[in-house]
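Let me begin by presenting the structure, written as structure tokens, before commenting on it.
Throughout, a chain's letter reflects where its sequence line sits, starting with A, and its residues are numbered from 1.
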2 protein chains.
Amino acid sequence: MNSTVSLINEYWTDIYFHLHYLHKEKISHQVVRILQLVDKQKEVGVSEIASYIQVSHNTASEHVKRMIEKKYLIKTRDPLDERKVILWLTDFGKEVLHRNTSLDEEKLAQVLNQLDNNEKNIVEQALKILSERAKQCM
Amino acid sequence: MNSTVSLINEYWTDIYFHLHYLHKEKISHQVVRILQLVDKQKEVGVSEIASYIQVSHNTASEHVKRMIEKKYLIKTRDPLDERKVILWLTDFGKEVLHRNTSLDEEKLAQVLNQLDNNEKNIVEQALKILSERAKQCM
DNA sequence: TGTTTTATATCTTTCATTACGATATAATCG
DNA sequence: CGATTATATCGTAATGAAAGATATAAAACA
């Protein structure tokens, strides 16, 4: 079982290595993680970021400031509690996040084109299963 | 077809978001990419790094210096051409790379445990297919 | 209503990182 | 031997990341 896990991780990292985008932007790991959090979770504010990337509130607030300056994020306030910030990805932010975490769509399409229908189904099914179960149990 | 690609990317990023390690180290994106390159490709030296992350040779050399100081890498020379550097991951470097690019093995094991044998097979097959084809055609 | 708490924001300071151009060194090629 | 290639180092500059201290403004509480 442990060996299955390692094997899957090796496949996982190989896939990413060969199919990721050749990203140009100079971007820090922290900033990518903040983009991921805002993308995948609802109603993310400054304190959610602080606890997620384990920094103080003021540092998180500065990250947000810089990311808004760079047009990655926009900021609104929670209408039910005007103290609370709610962050949103801009289209540009989504693009940057995509280029830094997704698989290159052209490369992926090229790989998928080489698969027969059965293999293509297996791939789609497998990732669907993993993503659904991961969401459920984490 | 394009929608299959987007769908797979959404599954892909969801899986990573929910199953990655809660990494603590402050590490830059560039450094992670260098670790990936040294891990996945043979005989990586300073100039390979420079062209991979698109910086000048001197900058690449400085990256290598810092990464050796941090004990991520060790440096040897190509016996056939003593000008050329060949880089290797240390155990610590492998560990850092793992924590920053792989899925958390405990979380992954937990998810896999919820699958029946058929589903487990599909997952293993699918990632194997993708990684093999990605290696072949890139 | 007045006080406290909560959620952010800003200011200052410090340190590390990233990058480049210029220059240096050392091995190999012709 | 001179040219080329691969890497290293130096000086310098810009930026980023982080924390502590302090400030503000909204909400909760007594």
Query raised in the report: Is the phosphate of dT18(C), meaning OP1 or OP2, less than 4.0 Å from a side-chain N or O of Ser28(B)?
Result: yes
Query - Polar side-chain atom of Lys71(B) near backbone of Gly93(B) as donor-acceptor pair, under 3.5 Å - result: no
Report summary line: Nearest-nucleotide check on DNA chain C, Lys26(A) vs Lys75(A); residue mapping nearer the 5' end is Lys75(A)
Query - Residue-phosphate contact under 4.0 Å: Arg77(A) side-chain N/O, dA9(C) OP1/OP2 - result: yes
Query - Any donor-acceptor pair under 3.5 Å from Ser102(A) side chain to Arg99(A) backbone - result: no
Query raised in the report: Is Ser47(A) touching bases, backbone alone, or none of the nucleic acid, heavy atoms closer than 4.0 Å?
Result: sugar-phosphate
Query raised in the report: Under a criterion of less than 4.0 angstrom to any heavy atom of chain A, what are the 5'-terminal and 3'-terminal contacting nucleotides of DNA chain D?
Result: dG16(D) to dA27(D)
Query raised in the report: What's the shortest heavy-atom distance between Ala60(A) and Ile49(A), and which atoms?
Result: CB-CG2, 4.0 Å
Query raised in the report: Has Glu106(B) got more than 12 heavy atoms of other residues, nucleotides or ligands less than 6.0 Å from its CD?
Result: no
Report task. Please report, rounded to the nearest Å, how far the C1' atom of dT25(C) is from the NZ atom of Lys84(B). Result -> 18 Å
Report task. In whole angstrom, give the distance that lies between atom CD of Glu82(B) and atom C1' of dA27(C). Result -> 8 Å
Requested in this report: Describe the nucleic acid contact of Ser61(B) in one word from base, sugar-phosphate, nothing, applying a heavy-atom distance below 4.0 Å.
Outcome: base
Report summary line: Nearest heavy-atom approach of Trp12(B) to Ile15(A) is CH2-CG2, 3.7 Å
Query raised in the report: Which residue pairs pass the ring-ring contact (aromatic ring centres under 6.0 Å, His included) test when at least one of the two sits in residues 97-129 of chain B, sequence neighbours left out?
Result: Tyr21(B)-His98(B)
Requested in this report: Find the distance Lys65(B):NZ to dT25(C):C1' and express it as a whole number of Å.
Outcome: 15 Å
Report task. Check Asn9(B) against Leu103(A) and note the closest heavy-atom contact, atom names and distance. Result -> OD1-N, 2.8 Å
Query raised in the report: Can you tell me how far P of dA19(C) sits from NE2 of His57(B), to the nearest Å?
Result: 14 Å
Requested in this report: Identify whether any heavy atom of Glu62(A) sits under 4.0 Å from a base atom; if not, whether one sits that close to sugar-phosphate; answer base, sugar-phosphate or nothing.
Outcome: base
Query raised in the report: Which part of the nucleic acid does Asn58(B) contact within heavy-atom distance under 4.0 Å: base, sugar-phosphate only, or nothing?
Result: base
Query raised in the report: Whole Å only: how far is the CG atom of Asp78(B) from the P atom of dC29(C)?
Result: 11 Å
